[in-house]
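Below: one structure, written as structure tokens.
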There are 2 protein chains.
Amino acid sequence: MPLKADLDAIDWKILRELQGDGRMTNVELSSRVGISAPPCLRRVRRLEEAGIIRGYRALLNAPALGMDVVAFCLIGLHHQADAELKTFAERTRGWPIVRDAWMVSGESDFLLHCVASDLGTFQTFVIEQLASAPNVDTVRTALTIRRVKDEGLVAFPT
Amino acid sequence: MPLKADLDAIDWKILRELQGDGRMTNVELSSRVGISAPPCLRRVRRLEEAGIIRGYRALLNAPALGMDVVAFCLIGLHHQADAELKTFAERTRGWPIVRDAWMVSGESDFLLHCVASDLGTFQTFVIEQLASAPNVDTVRTALTIRRVKDEGLVAFPT
DNA sequence: ATTGAAACGACTAGAGA
DNA sequence: TCTCTAGTCGTTTCAAT
């Protein structure tokens, strides 16, 4: 895990471009950021090795793939000692319906981003797996109706 | 927006591989899914054109870029008529701190995924922008402590 | 639909500024 | 650090199956 790296304006442009299109070729990228291809590629490698670029991912259209239910679950636990938090975190990794998960502070202890093929599957998961897991106190669910905004994690000044 | 496409086993493998590494070369991809490069590329293009692959994105490490606060906000509105929902959705698109947003059903009307450089910036946003936006009734915030799971949106049987 | 060959273009190491 | 050059490798079209 890197501490704050010292990035120049070109590095920031590279990050912005790759966040917008992770499959852009290096020559296209280099021309957009205003340098030639070799140093551009070296910068990308450096950003990858520093962990600033964590990876690349194709964004998939869940409903087109038969995944009609996307929901968020807020989980409250009975006991929040370190060991219990770790145990629940580990448990989420074993549930394929949970696509990503965060430990949070506030009214809840975890937030789970869930995807399932249909409501029945999702509700069965919530009742039989999630709510009946050890130490789970409350489960609040928000079914998504539609995505309203979807940009990368980091905002870049235009 | 495509309806359910008819995908064969190779298409599913392509989607799984590209979700795991969106920058994989086509020859690497083709060898992993067991066909030669040209048909593999045509399948990828077809999946892109059908909107099943929505795009590609580099995943950035927010804290390494000086974005130390990641939070989720659950928003309840006073009035949930269609026009009001659209108005609020549009408003979220103008807030750079909001990185992605969902319209949801349940106790809240919207869920916002927010990223900011520090707590002060985030709190100022919540108080001065979010909570004081027209029609906003309740704002519940969950500050993230750490990411516990981070896989793509779609689960693939291994 | 797929394969295989071939032309094209991108990637990336090395040299020099 | 960059640019330029050149060789290697990946991409993409096309003919044939």
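Rounding to whole angstrom units, CD of residue A/Glu48 and C1' of C/dT12 are separated by 14 Å. Spacing between atom CG of A/Asn26 and atom P of C/dA10 amounts to 10 Å, rounded to whole angstrom units.
In this structure, B/Val27 reaches the bases: a heavy-atom distance under 4.0 Å links it to at least one base atom across the strands shown.
Candidate nucleotides C/dT12, D/dT3, D/dT12 were compared by shortest atom distance to the side chain of B/Leu41, and D/dT12 ranks first. Of the candidates C/dA1, D/dT3, C/dC11, C/dA1 carries the atom nearest the B/Arg43 side chain, counting heavy atoms from C-beta on. In this structure, of D/dT12, C/dT2, D/dC4, it is C/dT2 that holds the atom nearest to the side chain of B/Pro39.
The pair A/Arg32-A/Glu28 meets the salt-bridge criterion, since a charged nitrogen lies less than 4.0 angstrom from a carboxylate oxygen. A salt bridge links B/Arg45 with B/Glu48: the closest approach of a Lys/Arg side-chain nitrogen to an acidic carboxylate oxygen falls below 4.0 angstrom. Salt bridge present: A/Asp150 and B/Arg57 bring a charged side-chain N and a carboxylate O closer than 4.0 Å.
Residues of residues 10-25 of chain B having a heavy atom closer than 4.0 Å to DNA chain D, listed by number: B/Thr25.
Residue-to-nucleotide proximity on DNA chain C shows that, of B/Ile35 and A/Arg45, the 5′-proximal contact is made by B/Ile35. Checking A/Glu28 against A/Arg42, the closest nucleotide of DNA chain C that is more toward the 5' end is the one next to A/Glu28.
For the atom pair CE of A/Met24 and CD of A/Gln19, the computed distance is 11.5 Å after rounding to the nearest 0.5 Å. To the nearest 0.5 Å, atom CD1 of residue B/Ile145 and atom CZ of residue A/Phe110 are 8.0 Å apart.
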Could you give me the CA-CA distance, side-chain angles and deciding distance for A/Gln80 and A/Asp109, then say whether side chain to side chain donor-acceptor pair (under 3.5 Å) is met? CA-CA 8 Å; A/Gln80 290 96 1; A/Asp109 299 307; 3.0 Å; yes

